[in-house]
**Q** 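Before I ask anything, here is the structure I am working with.
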Protein chains: 2
Amino acid sequence: MSFREQILRVREDAIVTAVNRLLAEKGFDLMTVDQVAAEVGIAKASLYKHFASKEALAAAAMVRILQRTADKLAELAAREGETAFERLRELTRWALELQLAGEMPSLPSQNSTLRAELVGSRAYTDLLMQVSDTLGEWILQAQRDASIDPALPPEVVLYTLFARACDPVPGFLKAGGQYSDAQIVDWVLATCMNGLAARQ
Amino acid sequence: MSFREQILRVREDAIVTAVNRLLAEKGFDLMTVDQVAAEVGIAKASLYKHFASKEALAAAAMVRILQRTADKLAELAAREGETAFERLRELTRWALELQLAGEMPSLPSQNSTLRAELVGSRAYTDLLMQVSDTLGEWILQAQRDASIDPALPPEVVLYTLFARACDPVPGFLKAGGQYSDAQIVDWVLATCMNGLAARQ
DNA sequence: GTCTATAGCCAGATAGAC
DNA sequence: GTCTATCTGGCTATAGAC
């Protein structure tokens with residue numbers, strides 16, 4: 001890779017980082033391309049030399065977070081002596097920490113142009129399927145050893161885990177300002193895995 | 001109340017119903033005032049004779065759903081032989097059914113002008129406090145009889161219940177098209193109350 | 001590839017006749 | 001109060017100079 005290409009790569013990386021942060025803070029609809037340009041420190045027209053549209057910007061951020069998720073899955077899979085359930089729990093913990101750090105872009109909004117861009121992106125759909133496949137296997141395994149309720153369709157478990165990564169509850173608790181991030185993560189993780197009802 | 005005032009009331013009711021449906025479908029940012037006017041069948045300018053702004057329209061819809069919630073709380077409180085935990089569960093079930101019916105407006109978005117309008121509305125803040133107070137009492141009661149984990153701060157439980165009313169999981173499962181609404185409600189309620197981890 | 005400047009569009013809000 | 005027509009501002013996207 002030439003020096004010039006590296007410069008380009010670094011700049012695009014900075015753009016995606018800004019998009020990622022703004023998506024986490026405001027979501028797609030409230031994020032403006034002007035804000036992205038201002039945060040990166042370049043002119044708006046320059047952004048459009050790198051990415052064709054606002055939707056393409058968001059798609060790049062979603063691809064990056066999915067890539068980070070896939071990397072985390074690989075790390076968890078490589079750990080010895082951990083059950084499938086423990087891996088699922090640790091992944092969820094990681095996602096909650098990322099969200100509290102303001103680095104988790106929101107789920108695709110109901111915006112139809114954004115949805116169209118995402119399903120039209122091979123990089124996005126491929127990564128999403130890869131992540132879902134691995135999680136699906138872990139879920140089935142956890143249901144076989146009865147650490148996850150086998151009566152739940154695996155789909156329900158999968159969607160629930162995805163949803164917890166964007167749950168508004170951690171943000172509300174953090175906004176309250178009286179709990180540490182670690183406490184918030186523990187409590188949200190506990191309600192997710194153990195439920196609100198007390199266990200005997 | 002005069003006949004003319006009744007006509008007015010009915011029209012405003014129709015407006016709020018349309019806003020409620022559109023908020024449930026698209027959320028605040030993607031809903032347009034033109035869509036509201038079209039759905040009610042009146043001109044946009046006429047809307048502004050009834051409500052001062054788009055934010056005021058949304059606030060009216062939020063007040064209505066809070067009022068419906070307060071009514072539901074009163075109904076549950078009047079039931080004999082139900083524990084606090086059962087009341088909380090039945091309220092959550094009701095909210096999930098409402099959401100699947102497309103009648104649950106989304107939580108306040110990150111839109112700051114909307115938040116300002118809501119906290120500036122006495123009708124909204126009073127009802128929100130009333131609902132939160134009743135739920136808070138039920139939560140404390142359920143923790144005293146150990147049907148809800150007493151280690152969880154009541155605040156965490158309260159926010160979790162509010163969040164489940166707007167959870168994206170039921171919508172995803174419904175979009176999949178292979179499960180009935182009743183099944184979806186049962187599963188989401190089960191994951192909320194019992195957690196993903198199997199109980200012995 | 002970067003910039004300034006602007007085109008084009010759309011949505012919230014309003015004017016003014018009836 | 002309802003309408004049609006219009007204003008206004010902000011946003012995405014692009015033209016064109018350097």
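Residue numbers begin at 1 in each chain, while the letters A, B, ... track the order of the sequences.
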**Q** NA contact type, A:R4, heavy-atom cut-off 4.0 Å: base, sugar-phosphate, or nothing?
**A** nothing
**Q** Atom CG of A:D34 and atom P of D:dT12: how far apart are they, to the nearest Å?
**A** 6 Å
**Q** With a distance cut-off below 6.0 Å to the six-membered ring centre and an angular limit of 45° from the axis, does A:K174 pair with A:Y179 as a cation-pi contact?
**A** no
**Q** Is a donor on one side and an acceptor on the other found under 3.5 Å between the side chain of A:K54 and the backbone of A:F28?
**A** yes
**Q** Looking at DNA chain D, which of residues 36-50 of chain A put a heavy atom within less than 4.0 Å of it?
**A** A:K44, A:A45, A:Y48
**Q** Rounded to the nearest 0.5 Å, how far does CD of A:E86 lie from CZ of A:R79?
**A** 10.0 Å
**Q** I want to confirm an ordering. Mapping A:Q35 and A:A52 to their closest nucleotides on DNA chain D, which one lands closer to the 5' end?
**A** A:Q35
**Q** B:D29 has an atom CG; how far is it from atom P of D:dT12, in whole Å?
**A** 13 Å
**Q** Assess the residue pair B:D167 and A:R164 against the criterion (salt bridge (charged side-chain N to carboxylate O under 4.0 Å, His left out)); give the C-alpha distance rounded to whole Å, side-chain angles, the decisive distance to 0.1 Å, and a yes or no.
**A** CA-CA 9 Å; B:D167 204 82; A:R164 287 304 77 78; 2.5 Å; yes
**Q** From CZ of A:F28 over to P of D:dT12, roughly how many Å is that when rounded to an integer?
**A** 8 Å
**Q** Taking all non-hydrogen atoms of both residues, which atom of A:A198 and which atom of B:A146 are closest, and how far apart?
**A** CB-O, 3.3 Å
**Q** State whether A:E103 and A:R68 are salt-bridged, where the test is any N-O pair (Lys NZ or Arg NE/NH1/NH2 against Asp/Glu carboxylate O) under 4.0 Å.
**A** yes
**Q** For A:E55 and D:dT12, what is the distance between atoms CD and C1' respectively, to the nearest whole Å?
**A** 9 Å
**Q** Does anyone know the first and last nucleotide of DNA chain C in reach of chain B, 5' to 3', at under 4.0 angstrom to a heavy atom?
**A** C:dA11 to C:dA15
**Q** Using a strict threshold of under 4.0 Å (side-chain N to carboxylate O), is an ion pair present between B:E12 and B:R9?
**A** no
**Q** For residues 41-48 of chain A, please give each side-chain donor-acceptor pair under 3.5 Å, one per line with the distance, not counting sequence neighbours.
**A**
| from | atom 1 | to | atom 2 | distance (Å) |
| --- | --- | --- | --- | --- |
| A:K44 | NZ | A:D34 | OD1 | 3.4 |
| A:K44 | NZ | A:D34 | OD2 | 3.2 |

